[in-house]
Colleague: 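Dropping a structure here in structure tokens format, bear with me for questions.
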Amino acid sequence: MKEIKNSKIIKSICYCLVPILTLIIILNSCSVIYYANYEDDFENKTSYIETTQFANDYFSAIVRALRISENERKYIQKNTDILISDSSSNGEEHKTEEKIEMSIEEYEPIQYNFYTIRRYEVLVISPYGDVITNVGRTTQTDSIEKIKQYLSGKQYYWNYDGKNIETNIDKLAYEEIAYQGFAEIKQSGYEIYTALKEQGNAEFYVFNLVYDFVISTYQTAPSVILVSTLLLCACIIYIIISIGHKEGKEGIYTNGFDHIPYEAVIIVASILLTIEGVFIWMCIDVMAHMVSKIAIDSAIMAMITLGFVMYITIVATIVTTLRRIKAHIFWKNTLVYSLSKFVLGGLFTNLSQTMKLAVQYGGFIVASSILVALTFNQMPVISLVLLGFWYYVFKKMLDYQNQMYQVREKINKMYHGDIEVPLEEDALYGELKQVAKELNDISGGLSNAIEEATKSERLKTELITNVSHDIKTPLTSIINYVDLMKQEKIDNPKVQEYLEVLDSKSQRLKKLTEDLIEASKASSGNIKLTMETLNVKELVKQISGEFEDRFSKKNLQIIESFPSEEVNIRADSRYLYRVMENMYVNIAKYALEGSRVYVDVVKQNGNVQIHLKNISEDKLNISVDELMERFVRGDEARTKEGSGLGISIAKSLTELQKGKFDIHLDGDLFKVVIEFEEIET
């Protein structure tokens with residue numbers, strides 16, 4: 001999909017197809033409309049000459065020629081009447097006939113007129129002998145008979161000699177035109193001879209061209225329009241989607257043109273489109289006046305060229321607009337933005353958030369008032385404009401609220417440890433954009449710190465594990481040799497004492513090494529758990545029984561408190577036993593001799609808590625957080641045996657089993673709370 005979207009070939013094809021398909025749709029739509037208006041002219045016909053439209057136009061020209069001739073005759077008669085009136089008033093009645101004859105003789109035998117009839121050549125002879133024509137005067141047309149012969153020799157002609165119609169146009173035969181008003185011509189007593197111009201008849205050329213196009217396309221036009229429309233929509237959709245994407249470039253690609261102020265682009269595009277529109281209108285005007293066939297062909301080619309240039313102008317404007325919108329730089333690359341930033345930037349920078357909100361709200365009130373004032377006399381417009389403006393303001397508020405929500409969600413995720421997904425800075429604006437940038441920087445710093453800490457912890461764990469394993473091998477040999485030496489009967493009491501010390505210290509070192517390995521595994525989670533249902537009361541009773549002798553040596557009294565019903569949790573029996581064992585060992589080492597140890601099992605809010613409480617033998621001069629750390633014990637207890645890992649191991653093992661481990665210190669009171677979720681059996 002990405003390759004298709006970035007393909008230069010497909011883009012080029014689509015850009016070329018859009019104007020072609022548009023032209024095809026327009027031409028075929030015109031064909032359908034033309035056919036719908038003149039449907040009868042396309043049944044069993046092969047040329048424009050055979051159509052009723054041509055016949056009506058031809059016959060209209062004949063009637064117009066007749067009426068022009070009648071008006072010309074009336075003009076002659078009017079001048080004659082004036083001459084008669086002047087002669088009578090002077091008392092020269094005997095000269096009237098002579099003056100009338102002279103006034104008529106002043107006119108040419110053939111009047112060359114009908115300049116308003118361009119597509120046809122016409123000769124009209126009135127009952128009074130007047131002759132009017134628009135046939136050019138040559139040696140071949142300097143008499144009435146020569147003009148008649150000239151017109152009858154044309155490819156398409158229509159003649160009426162006062163009695164009969166002679167024509168080679170079927171639609172203009174007597175039977176065809178009798179019902180269309182031929183009586184007017186017949187009653188007038190005029191003779192009319194006409195022919196279709198063959199040279200320079202631009203209008204007939206256009207009509208014939210249009211008819212030939214329509215007759216060849218009207219049957220397939222609906223299908224062509226449908227297919228072309230679908231292809232055009234597909235091309236436009238593809239172009240819109242692909243705009244801004246370029247092969248080898250990630251994200252939205254922009255160029256220098258996209259960073260020109262948008263208002264300047266619109267102004268230049270408007271000027272170019274206006275100039276192109278004026279030239280296209282001039283071409284249409286040339287076609288409307290039907291100057292000549294060559295002029296029409298030239299005008300069509302010029303219109304196609306200008307249309308292509310106009311298409312490039314429109315496409316360039318639309319492409320840069322969409323690319324700016326997709327790249328989120330539309331507003332930034334406007335003169336309005338630059339001006340507002342220049343004017344308001346310094347002012348808003350020093351304002352508090354409350355003042356900024358007040359200024360923005362004031363601007364909203366002022367803008368609403370201006371809109372009301374401008375459209376005061378147009379109430380429907382007021383409603384529509386204000387609704388649109390208020391919707392825009394409401395949408396901006398929603399956008400800001402959504403951006404606030406995104407920032408809040410990011411902070412919440414960071415709070416819960418999810419720092420992987422950064423905020424989209426370009427999707428935000430104003431102060432939120434700066435906040436997003438700072439949050440992303442903090443998130444990146446935390447991510448790097450966590451990664452480094454994890455790496456350091458892993459290396460430390462590996463180091464502890466490797467060193468512990470390396471220590472265990474010689475340590476095992478030492479312990480074995482100490483055991484062998486103890487089996488020997490050595491009479492020297494000093495040597496016996498030394499062996500006891502060696503045995504004690506080597507066993508302590510062995511325990512420390514094992515605790516190190518276990519603490520490393522527990523903190524890194526590198527332990528395989530076998531979760532099962534455990535009876536808490538039985539577990540506590542079992543471990544209390546095992547430590548009874550050890551507690552008796554320090555005169556410690558265990559006081560237990562359990563619920564009457566069974567209490568069950570889900571945990572790994574082996575590791576939970578180790579947690580309890582570590583706590584009992586801690587009590588045996590550090591509890592005040594002759595004191596009491598309280599062991600309580602409590603059900604609370606669907607959870608099971610194990611409380612272990614005792615009085616410390618030494619002063620607790622350490623905080624809870626420090627006590628949770630590895631290798632840490634109270635200063636007064638440093639002479640006691642122990643690695644300082646017991647509590648840390650217990651806490652890690654408890655949390656690995658989805659439990660909670662807390663320590664509470666109150667004076668010399670030492671209290672441990674181990675909590676798990678209760679399960680029903």
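Everything numeric in this text was worked out from a predicted model, so none of it was measured.
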Colleague: In chain order, what residues pass the salt bridge (Lys or Arg N to Asp or Glu O under 4.0 Å) check against Asp57, with sequence neighbours excluded?
Modeller: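 Per chain and number, Asp57 pairs via salt bridge (Lys or Arg N to Asp or Glu O under 4.0 Å) with Arg119.
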
Colleague: Which heavy atom in Leu151 sits nearest to a heavy atom in Tyr157, and how many Å separate them?
Modeller: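 Result for this residue pair: O-CB, 3.5 Å.
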
Colleague: Is the closest side-chain donor-acceptor distance between Thr194 and Tyr58 under 3.5 Å?
Modeller: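 Yes - a donor-acceptor pair under 3.5 Å links their side chains.
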
Colleague: Using the rule given for side chain to side chain contact (heavy atoms under 4.5 Å, CB included), can you reason through Tyr193 versus Glu121, listing the C-alpha separation, both sets of side-chain angles and the distance that settles it, and then say yes or no?
Modeller: CA-CA 8 Å; Tyr193 301 86; Glu121 295 178 298; over 6 Å; no

Colleague: Is there a donor-acceptor pair under 3.5 Å between the side chain of Ser228 and the backbone N or O of Ile225?
Modeller: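 Such a contact is absent between Ser228 side chain and Ile225 backbone.
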
Colleague: Looking only at heavy atoms, what is the nearest atom pair of Phe213 and Leu27, with distance?
Modeller: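 What the structure gives for the nearest pair is CE2-O, 3.5 Å.
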
Colleague: Which value, rounded to the nearest 0.5 Å, describes the distance between Met303 atom CE and Trp281 atom CH2?
Modeller: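 One gets 10.5 Å once the value is rounded to the nearest 0.5 Å.
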
Colleague: Please list all pairs meeting side-chain hydrogen bond (donor to acceptor under 3.5 Å, both in side chains) that have one or both residues in residues 15-31, counting only residues at least two apart or in different chains.
Modeller: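 Every side-chain hydrogen bond (donor to acceptor under 3.5 Å, both in side chains) pair that includes a residue of residues 15-31, provided the two are not neighbours, is Ser31-Thr217.
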
Colleague: In Å and rounded to the nearest 0.5 Å, what is the CD to OH distance from Glu191 to Tyr160?
Modeller: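 The OH atom of Tyr160 is 8.5 Å from CD of Glu191, to the nearest 0.5 Å.
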
Colleague: Is it the case that atom CG in Asn168 sees more than 12 heavy atoms from other parts of the structure closer than 6.0 Å?
Modeller: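 More than 12 within 6.0 Å, yes.
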
Colleague: Donor-acceptor pair, distance only, cut-off 3.5 Å: does the side chain of Ser126 make one with the backbone of Tyr190?
Modeller: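 It does not hold such a pair.
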
Colleague: Can you pull out every side-chain hydrogen bond (donor to acceptor under 3.5 Å, both in side chains) where at least one residue sits in residues 300-320? Sequence neighbours excluded, please.
Modeller: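 Output for this query lists Asp258-Thr320, Glu276-Thr313, Thr320-Arg324.
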
Colleague: Measure up the Phe54 and Tyr48 rings against each other and bin them: parallel (under 30°), tilted (30 to 60°), perpendicular (over 60°).
Modeller: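 It falls in the perpendicular class, over 60°.
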
Colleague: Starting at CD1 of Ile329, measure out to OG1 of Thr254 and round the result to the nearest 0.5 Å.
Modeller: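 Ile329 CD1 to Thr254 OG1: 5.0 Å, rounded to 0.5 Å.
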
Colleague: What I'd like to find out is whether the side chain of Pro19 reaches to under 4.5 Å of the side chain of Leu23, using heavy atoms alone.
Modeller: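 Heavy-atom side-chain distance check fails, nothing below 4.5 Å.
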
Colleague: Could you please spell out the steps behind the side chain to side chain contact (heavy atoms under 4.5 Å, CB included) verdict for Lys148 and Asn159?
Modeller: CA-CA 9 Å; Lys148 289 180 181 181; Asn159 299 329; over 6 Å; no

Colleague: Given the rule in the side chain to side chain contact (heavy atoms under 4.5 Å, CB included) test, do Gln219 and Tyr35 qualify, once you have shown the distances and angles that lead to the verdict?
Modeller: CA-CA 9 Å; Gln219 291 180 333; Tyr35 175 78; over 6 Å; no

Colleague: Write down the atom of Arg323, the atom of Ile252, and the distance for their closest heavy-atom approach.
Modeller: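 Closest heavy-atom pair between Arg323 and Ile252: O-CG2, 4.0 Å.
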
Colleague: For Met310 versus Gly277, what's the shortest heavy-atom pair and its separation?
Modeller: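 Closest approach of Met310 to Gly277: CE-N, 3.7 Å.
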
Colleague: How long is the gap from CG on Leu21 to CD1 on Ile26, to the nearest 0.5 Å?
Modeller: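 One gets 11.0 Å once the value is rounded to the nearest 0.5 Å.
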
Colleague: With a 4.5 Å heavy-atom cut-off, do Thr133 and Val124 have their side chains touching?
Modeller: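 Answer no - side chains too far apart.
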
Colleague: What do the steps show when you test Tyr238 against Ile241 for side chain to side chain contact (heavy atoms under 4.5 Å, CB included), and what is the final call?
Modeller: CA-CA 5 Å; Tyr238 173 81; Ile241 293 174; 5.8 Å; no

Colleague: Shortest non-hydrogen contact from Lys163 to Asp161?
Modeller: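 Reported closest heavy-atom pair: N-OD1, 2.9 Å.
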
Colleague: Any chance you could measure Lys171, atom NZ, to Ile49, atom CD1, to the nearest 0.5 Å?
Modeller: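 Spacing of NZ (Lys171) from CD1 (Ile49) equals 13.0 Å.
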
Colleague: Under a 4.5 Å cut-off applied to non-hydrogen side-chain atoms, are Leu196 and Tyr120 in contact?
Modeller: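 A side-chain contact exists here, since the closest heavy-atom pair is under 4.5 Å.
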
Colleague: Can you tell me if Gln53 and Tyr211 form a side-chain donor-acceptor pair at under 3.5 Å?
Modeller: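 No pair is found: no donor N or O on one side chain lies under 3.5 Å from an acceptor on the other.
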
Colleague: Keeping Ser152 on the side-chain end and Gln149 on the backbone end, is there a donor-acceptor pair under 3.5 Å?
Modeller: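 No, Ser152 side chain to Gln149 backbone: no donor-acceptor pair under 3.5 Å.
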
Colleague: Under a 4.5 Å cut-off applied to non-hydrogen side-chain atoms, are Asn333 and Tyr262 in contact?
Modeller: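 In short, these two side chains do not touch, never coming nearer than 4.5 Å.
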
Colleague: Rounded at 0.5 Å granularity, tell me how far CD1 in Ile24 sits from CG in Leu17.
Modeller: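 Going from the CD1 atom of Ile24 to the CG atom of Leu17 covers 8.5 Å.
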
Colleague: Measure across Gly189 and Pro127 and return the closest heavy-atom pair with its distance rounded to 0.1 Å.
Modeller: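 Heavy-atom minimum between the residues: O-CG, 3.5 Å.
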
Colleague: Is it the case that more than 12 heavy atoms not belonging to Gln140 sit under 6.0 Å from its CD atom?
Modeller: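 12 or below, so no.
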
